[in-house]
Undergrad: 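Pasting in a structure now, in structure tokens, and then I'll have a few things to ask.
The residues of the chain are indexed from 1 along the displayed sequence.
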Amino acid sequence: MKKTSKWVKLMAVGVVLIGIVGTATVVSAATWTITTVYVPNLGFGSRASGLPNIKQSSSTYASFNGDDQHNALGYNVHLMDYYYNVNSDWTGLWKNSTSYAGHNTGKQGQEYYSDVHSQYAEPNGDWVRLHFSADRK
């Protein structure tokens, strides 16, 4: 009888650990939004286009990571709400590298968008794919 109760306890602990690890992975993965936006030339921006991200914490940073970007002069990005209110500082957007924008004034539970801008000297507009979070990742 003792062997059975130890076995049952061990199985129960294993199930709980798998549940905790699985939930943490899902919650962590759910905070990135992958989106594609059109960025005009000459320093103009994408505004609140693309897919939104829901802020899940009280973090004062937003996270941005470029996935596919073609313009040679690069991009800048910040967080924006649906009404075009700016909710963070500017930061650079780099391919395969996460950058952080400070002074994130967004509220937990609200939707936010990436506002990607080309450089002022950039003569071409283009599509940019990125993933971003209204929280620090």
Undergrad: Give every residue pair that meets the side chain to side chain donor-acceptor pair (under 3.5 Å) criterion with at least one member in residues 118-127, sequence neighbours excluded.
TA: none
Undergrad: Just grab all the salt bridge (charged side-chain N to carboxylate O under 4.0 Å, His left out) pairs involving residues 74-86, residues at least two apart or on different chains.
TA: none
Undergrad: Among residues at least two apart in sequence or on other chains, which ones pass side chain to side chain contact (heavy atoms under 4.5 Å, CB included) with Pro123?
TA: none
Undergrad: Under the side-chain hydrogen bond (donor to acceptor under 3.5 Å, both in side chains) test, which residues partner Asp67, sequence neighbours left out?
TA: His131
Undergrad: Tell me every residue that passes side chain to side chain contact (heavy atoms under 4.5 Å, CB included) with Lys107, counting only those two or more places apart in sequence or in another chain.
TA: Gln110, Tyr112
Undergrad: Pairs in or reaching into residues 55-66: which pass salt bridge (charged side-chain N to carboxylate O under 4.0 Å, His left out), with residues at least two apart or in two chains?
TA: Lys55-Asp135
Undergrad: Which residues pass the side-chain hydrogen bond (donor to acceptor under 3.5 Å, both in side chains) test with Tyr75, not counting sequence neighbours?
TA: Asn71
Undergrad: What's in the same ILVMFWY side-chain cluster as Tyr113, cut-off under 4.5 Å, chained through other members?
TA: Tyr82, Tyr83
Undergrad: With Asp68, which residues qualify under side chain to side chain contact (heavy atoms under 4.5 Å, CB included), at least two apart?
TA: His70, Arg129
Undergrad: Return the set of residues passing side-chain hydrogen bond (donor to acceptor under 3.5 Å, both in side chains) with Thr98 (not counting sequence neighbours), or none when no residue passes.
TA: Asn65
Undergrad: Under the rule for side-chain hydrogen bond (donor to acceptor under 3.5 Å, both in side chains), what residues qualify as partners of Asp115, not counting sequence neighbours?
TA: His78, His117
Undergrad: Going by side chain to side chain contact (heavy atoms under 4.5 Å, CB included), name the residues that satisfy it together with Leu51, two or more places apart in sequence or in a different chain.
TA: Thr33, Thr35
